Student: 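Shown below is the structure under consideration.
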Amino acid sequence: MDITIGCQNVANENLTTNGSQILPTSKRQARPMTKLEPQEQQEVWLTAVELVGGKVPTGRIVKDVVQKIMERSKLPNTYQWGEVCQILAKDNPELRGKGGCWGIVARVNDFSCTVKTWDGEYAVGLQHLKFYNYLSAVCEQMREICDRINRLRENENLEEAARAVLKHLGELKQPYLTGVEEKLLMLLESEYGVRIIL
């Protein structure tokens with residue numbers, strides 16, 4: 001792990017506790033900073049220490065500060081409500097099992113989007129999204145499919161086989177349902193008494 005905090009050479013009163021310097025005590029604190037330049041690593045560490053009142057910050061706090069530093073240098077969010085995108089789960093354990101899934105942009109934030117998928121909504125950073133350049137008619141079709149799947153999922157009597165079909169439909173790599181997939185979805189809607197809203 002290549003990391004240079006730079007704290008050793010900084011004369012800063014905020015870095016001392018009982019005369020000793022505050023340095024990372026675990027890999028979880030240092031790992032998030034490895035993607036940054038040394039001066040940015042120093043800024044992250046000083047900010048994280050300050051946030052916790054001059055104590056050793058947790059890895060999660062360091063990671064949050066790193067994220068804010070990285071977001072500063074990024075272009076603004078260009079996603080729009082209703083667009084279809086793909087989730088890239090790389091380096092984000094909170095998105096485990098969502099890699100490659102499509103989603104609908106439900107809310108646009110500065111450096112993230114709230115994405116509606118077949119099984120709920122997720123706040124996803126821009127680095128974990130891939131833009132699909134679909135026409136507005138295709139985006140509308142995907143929104144309808146997503147809404148239909150979500151309405152079915154709300155049924156508390158849904159059997160495991162039905163859940164498996166919905167999962168499959170929600171993780172498709174194409175922006176449409178084949179004839180068989182559409183028939184399966186319509187069969188489930190009929191079976192569970194879910195009204196189709198078009």
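All values reported here derive from a predicted model rather than from experimental measurement. Excluded from the calculations below are hydrogen atoms, water molecules and symmetry mates; all remaining heavy atoms, backbone and side chain alike, are included.
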Student: Run the side chain to side chain contact (heavy atoms under 4.5 Å, CB included) check on Val138 and Val84 step by step: do they pass?
Tutor: CA-CA 9 Å; Val138 175; Val84 179; 5.9 Å; no
Student: State whether the side chain of Trp102 and the backbone N or O of Gly170 hold a donor-acceptor pair below 3.5 Å, judged by distance alone.
Tutor: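 Here the side-chain-to-backbone pair exists.
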Student: Hey, could you give me the CG/NZ distance between Leu88 and Lys98, rounded to the nearest 0.5 Å?
Tutor: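 So the gap between those two atoms works out to 14.0 Å.
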Student: Salt bridge or not between Glu159 and Arg163? Use side-chain N to carboxylate O under 4.0 Å.
Tutor: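 Salt bridge between Glu159 and Arg163, a charged N being under 4.0 Å from a carboxylate O: no.
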Student: With rounding to the nearest 0.5 angstrom, report the CD1 to NZ distance, Ile22 to Lys55.
Tutor: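 Atom-to-atom, Ile22:CD1 and Lys55:NZ are 10.0 Å apart.
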Student: Write out all pairs satisfying ring pair (Phe, Tyr, Trp, His ring centres under 6.0 Å) with one or both partners inside residues 142-182, taking only residues at least two apart or from two chains.
Tutor: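 Counting only pairs at least two positions apart or across chains, no ring pair (Phe, Tyr, Trp, His ring centres under 6.0 Å) contact touches residues 142-182.
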Student: What are the two closest heavy atoms between Leu126 and Cys113, and how far apart are they?
Tutor: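 Scanning both residues, the minimum pair turns out to be CD2-SG, 4.2 Å.
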Student: Kindly indicate, with the supporting measurements, whether the criterion side chain to side chain contact (heavy atoms under 4.5 Å, CB included) is fulfilled by Gln29 and Thr58.
Tutor: CA-CA 6 Å; Gln29 296 159 332; Thr58 64; 5.9 Å; no
Student: Under 3.5 Å, is there a donor-acceptor pair between the side chain of Glu182 and the main chain of Gly179?
Tutor: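 A pair under 3.5 Å: no.
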Student: Compare every heavy atom of Trp81 with every heavy atom of Ala106, then report the nearest pair and how far apart it is.
Tutor: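 Ala106 and Trp81 have their closest heavy atoms at O-CD1, 3.2 Å.
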Student: What's the shortest heavy-atom distance between Gly82 and Arg143, and which atoms?
Tutor: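 So the two residues come closest at O-NH1, 2.7 Å.
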Student: In terms of hydrophobic clustering (I, L, V, M, F, W, Y; side-chain heavy atoms under 4.5 Å; direct or indirect links), are Val180 and Leu187 co-clustered?
Tutor: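 Per the 4.5 Å side-chain linkage, Val180 and Leu187 are not co-clustered.
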Student: Tell me if a side-chain donor or acceptor on Glu50 pairs with a main-chain N or O of Thr47 at a distance below 3.5 Å.
Tutor: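 Checking the backbone N and O of Thr47 against the side chain of Glu50, no donor-acceptor pair under 3.5 Å is found.
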Student: Backbone N or O of Gln141 within a donor-acceptor pair of the Glu144 side chain at under 3.5 Å?
Tutor: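 Between the backbone of Gln141 and the side chain of Glu144 there is no qualifying donor-acceptor contact (under 3.5 Å).
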Student: Please answer whether the main-chain N or O of Ile87 pairs with a side-chain N or O of His128 as donor and acceptor at a distance below 3.5 Å.
Tutor: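 Answer holds: no.
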Student: Pairs in or reaching into residues 125-134: which pass salt bridge (Lys or Arg N to Asp or Glu O under 4.0 Å), with residues at least two apart or in two chains?
Tutor: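 Matches after skipping sequence neighbours: none remain.
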Student: In this structure, which one of Thr114, Val115, Val105 forms a side-chain contact (heavy atoms from CB on, under 4.5 Å) with Val124?
Tutor: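 With Val124 as partner, Thr114, Val115, Val105 yield a single side-chain contact (heavy atoms from CB on, under 4.5 Å), made by Val115.
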Student: Do you know which two heavy atoms are closest between Pro24 and Trp45, and how far apart they sit?
Tutor: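 Looking at all heavy atoms of both residues, the closest pair is N-CZ2, 3.4 Å.
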Student: Of the non-hydrogen atoms in Leu188 and Leu166, which two are nearest, and what is the gap between them?
Tutor: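 Looks like CD1-CD2, 4.0 Å.
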Student: Please report the C-alpha distance between Tyr134 and Cys139 in whole Å, then the side-chain angles of each, then the deciding distance to 0.1 Å, and finally whether the side chain to side chain contact (heavy atoms under 4.5 Å, CB included) criterion is met.
Tutor: CA-CA 6 Å; Tyr134 291 151; Cys139 290; 3.9 Å; yes
Student: Are side-chain heavy atoms of Glu181 and Gln174 found at a separation under 4.5 Å?
Tutor: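 Glu181 reaches Gln174 side chain to side chain.
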Student: Do the side chains of Trp118 and Leu169 get nearer than 4.5 Å, heavy atoms only?
Tutor: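 They are not in contact (no side-chain heavy atoms under 4.5 Å apart), so the answer is no.
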Student: Less than 4.0 Å between a side-chain N and a carboxylate O, is that true for Glu154 and Arg148?
Tutor: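 Salt bridge absent between Arg148 and Glu154.
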Student: Taking Glu171 for the side chain and Gly100 for the main chain, is one N or O donor matched with an acceptor at less than 3.5 Å?
Tutor: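 No; zero donor-acceptor contacts below 3.5 Å.
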Student: Could you grab the distance from atom CG of Leu185 to atom CG of Leu152, nearest 0.5 Å is fine?
Tutor: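 Nearest 0.5 Å value for the CG-CG distance: 6.0 Å.
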Student: Once you round to the nearest 0.5 Å, how far does CD1 of Ile145 lie from CD of Glu140?
Tutor: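 It is 10.5 Å, given to the nearest 0.5 Å.
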Student: Under a 3.5 Å distance rule, please check whether Asp64 uses its side chain to pair with a backbone N or O of Ala48 as donor and acceptor.
Tutor: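 Checking the backbone N and O of Ala48 against the side chain of Asp64, no donor-acceptor pair under 3.5 Å is found.
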Student: Nearest heavy-atom pair of Thr117 and Cys146: which atoms, and what distance?
Tutor: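 Scanning both residues completely, I find the closest heavy atoms to be O-SG, 3.7 Å.
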Student: Spell out, as yes or no, whether a donor-acceptor pair under 3.5 Å connects the side chain of Gln41 to the backbone of Met33.
Tutor: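 Here the side-chain-to-backbone pair exists.
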Student: About how many Å separate CG of Leu177 and CG of Leu184, when rounded to the nearest 0.5 Å?
Tutor: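 If we round to the nearest 0.5 Å, Leu184:CG and Leu177:CG are 9.5 Å apart.
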Student: Side-chain contact test, heavy atoms from C-beta onward, threshold under 4.5 Å: evaluate it for Arg153 versus Asp119 and give yes or no.
Tutor: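 Touching, per the 4.5 Å side-chain cut-off.
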Student: Can you tell me how far apart NZ (Lys183) and OG (Ser190) are? Round to the nearest 0.5 Å.
Tutor: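 Lys183 NZ to Ser190 OG: 14.5 Å, rounded to 0.5 Å.
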